[in-house]
Amino acid sequence: MNQRLVHMALVVADYDDAIRFYTEKLNFVLLEDTPLSETKRWVRVAPPGSGSCALLLAKADTDEQLSRVGNQTGGRVFLFLHTDDFWRDYHAMTARGVRFIRQPDTMPYGTVAVFEDLYGNLWDLIEPVA
């Protein structure tokens with residue numbers, strides 16, 4: 001059996017704002033932006049060098065979906081961005097205006113800090129222990 005995660009849906013309020021944040025602030029690559037209808041698009045972004053998993057930016061269509069934007073996990077860290085150089089990425093992200101809500105710390109599993117995306121979803125930036 002060969003299975004893998006390839007997309008993870010992230011509910012957003014606006015496609016273009018989300019694309020700008022992920023490509024300009026986090027340096028992600030826009031993999032695809034395909035119109036599906038007048039209001040719906042298939043938008044995928046991923047970190048540079050990412051293997052198989054990408055974020056599928058899914059625009060909220062209903063009030064219920066809109067209520068989940070920025071809080072898909074009830075306030076817990078939602079996504080985990082691994083890096084091969086924590087300090088390079090931490091300083092670059094900070095310079096581009098990414099807001100870190102928990103400062104860098106050394107943990108048994110690596111160096112980590114928590115930041116929020118444009119909607120308030122929480123992310124860990126982690127350089128795992130080798």
Side-chain angles (χ1 to χ4, degrees):
M1 181 181 291
N2 183 7
Q3 298 178 337
R4 60 191 167 102
L5 290 174
V6 292
H7 312 305
M8 178 174 287
L10 179 65
V11 182
V12 300
D14 181 83
Y15 289 119
D16 295 323
D17 289 344
I19 290 169
R20 269 190 299 282
F21 177 83
Y22 287 103
T23 61
E24 295 175 11
K25 302 286 186 180
L26 299 188
N27 198 36
F28 281 24
V29 176
L30 177 61
L31 301 173
E32 184 176 3
D33 185 355
T34 304
L36 301 176
S37 71
E38 286 187 29
T39 59
K40 194 169 191 147
R41 292 155 54 183
W42 186 261
V43 178
R44 295 183 312 120
V45 296
S50 181
S52 62
C53 195
L55 287 179
L56 176 66
L57 304 179
K59 187 172 184 259
D61 287 332
T62 66
D63 288 341
E64 182 178 2
Q65 290 172 4
L66 197 55
S67 76
R68 303 304 196 273
V69 171
N71 192 17
Q72 290 188 210
T73 58
R76 292 186 59 100
V77 170
F78 178 40
L79 297 162
F80 300 81
L81 181 61
H82 280 203
T83 178
D84 62 348
D85 187 331
F86 178 88
W87 293 106
R88 173 199 65 210
D89 293 342
Y90 174 80
H91 291 301
M93 291 165 67
T94 300
R96 291 190 295 260
V98 174
R99 184 172 172 258
F100 281 83
I101 63 163
R102 287 188 211 131
Q103 295 307 304
D105 199 2
T106 303
M107 303 299 283
Y109 53 85
T111 305
V112 62
V114 178
F115 68 93
E116 61 183 11
D117 68 15
L118 75 163
Y119 297 114
N121 292 301
L122 300 180
W123 291 64
D124 272 359
L125 175 65
I126 301 172
E127 181 180 352
V129 171

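Asp85 pairs by the salt bridge (Lys or Arg N to Asp or Glu O under 4.0 Å) definition with nothing, not counting sequence neighbours. Partners of Asp16 by salt bridge (Lys or Arg N to Asp or Glu O under 4.0 Å), not counting sequence neighbours, listed by chain and number: Arg41. Scored by the salt bridge (Lys or Arg N to Asp or Glu O under 4.0 Å) test, Glu38 finds no partners at all (sequence neighbours excluded). Applying the side chain to side chain contact (heavy atoms under 4.5 Å, CB included) criterion to Asn27, with sequence neighbours excluded, gives Pro48, Arg96. Residues forming a salt bridge (Lys or Arg N to Asp or Glu O under 4.0 Å) with Glu24 (at least two apart in sequence, or on another chain): none.
Under the 4.5 Å side-chain contact rule for hydrophobic residues, Leu79 and Val29 do not share a cluster. Taking hydrophobic clusters as Ile, Leu, Val, Met, Phe, Trp and Tyr residues chained together by side-chain heavy-atom distances below 4.5 Å, Val98 does not share a cluster with Ile126.
By the 6.0 Å contact criterion, CG on Leu36 is enclosed, its count of non-hydrogen atoms from other residues, nucleotides or ligands being greater than 12. Annotation: Arg88, atom CZ; neighbour count of heavy atoms from other residues, nucleotides and ligands within 6.0 Å is above 12. Open room surrounds CG on Asp63; 12 or fewer heavy atoms of other groups in view lie less than 6.0 Å from it.
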Check: So Val69 and Val12, side chain to side chain contact (heavy atoms under 4.5 Å, CB included) or not? Walk me through it.
Finding: CA-CA 6 Å; Val69 171; Val12 300; 5.5 Å; no
Next item on the list: May I have the step-by-step check of side chain to side chain contact (heavy atoms under 4.5 Å, CB included) for Leu10 and Leu56, ending in yes or no?
Entry: CA-CA 6 Å; Leu10 179 65; Leu56 176 66; over 6 Å; no
Checklist line | Test side chain to side chain contact (heavy atoms under 4.5 Å, CB included) applied to Phe28 and Ile19, step by step | finding: CA-CA 9 Å; Phe28 281 24; Ile19 290 169; over 6 Å; no
Check: Where do Met93 and Leu26 land on the side chain to side chain contact (heavy atoms under 4.5 Å, CB included) test, with the steps shown first?
Finding: CA-CA 6 Å; Met93 291 165 67; Leu26 299 188; 3.4 Å; yes
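In this structure, the side chains of Leu31 and Val45 stay at 4.5 Å or more apart for every pair of heavy atoms. Using a 4.5 Å cut-off on side-chain heavy atoms (C-beta onward), Trp42 and His7 make contact.
Using modelled atom types, no side-chain atom of Gln72 and backbone atom of Arg68 make a donor-acceptor pair closer than 3.5 Å. At least one donor-acceptor pair closer than 3.5 Å links the side chain of Ser67 to the backbone N or O of Glu64.
The two atoms that bring Ala46 and Cys53 nearest to each other are CB-O, 4.0 Å, heavy atoms only.
From Leu125, atom CG reaches atom NE2 of His82 across 9.5 Å, with rounding to the nearest 0.5 Å. Annotation: the span from Lys59 atom NZ to Thr39 atom OG1 amounts to 7.0 Å, rounded to 0.5 Å. Atom-to-atom distance recorded for Asp84:CG and Asp89:CG is 7.0 Å, nearest 0.5 angstrom. The OG1 atom of Thr23 sits 7.0 Å away from atom CG of Leu30, with the distance rounded to the nearest 0.5 Å. Considering CG of Leu122 and CZ of Phe78, their distance stands at 10.5 Å, rounded to 0.5 Å.
Relative ring orientation between Tyr90 and Phe86 is described as parallel, the plane-to-plane angle staying below 30° on a 0-90° scale split at 30° and 60°.
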Pairs of donor and acceptor atoms involving the side chains of residues 107-118, under 3.5 Å and at least two apart or interchain, shall be tabulated with distances.
residue, atom, partner, partner atom, Å
Glu116, OE1, Arg99, NH1, 3.3
Glu116, OE2, Arg99, NH1, 2.5
Asp117, OD1, Tyr119, N, 2.9
Asp117, OD1, Gly120, N, 3.0
Asp117, OD1, Asn121, N, 3.0
Asp117, OD2, Tyr22, OH, 2.7
Asp117, OD2, Asn121, ND2, 3.0

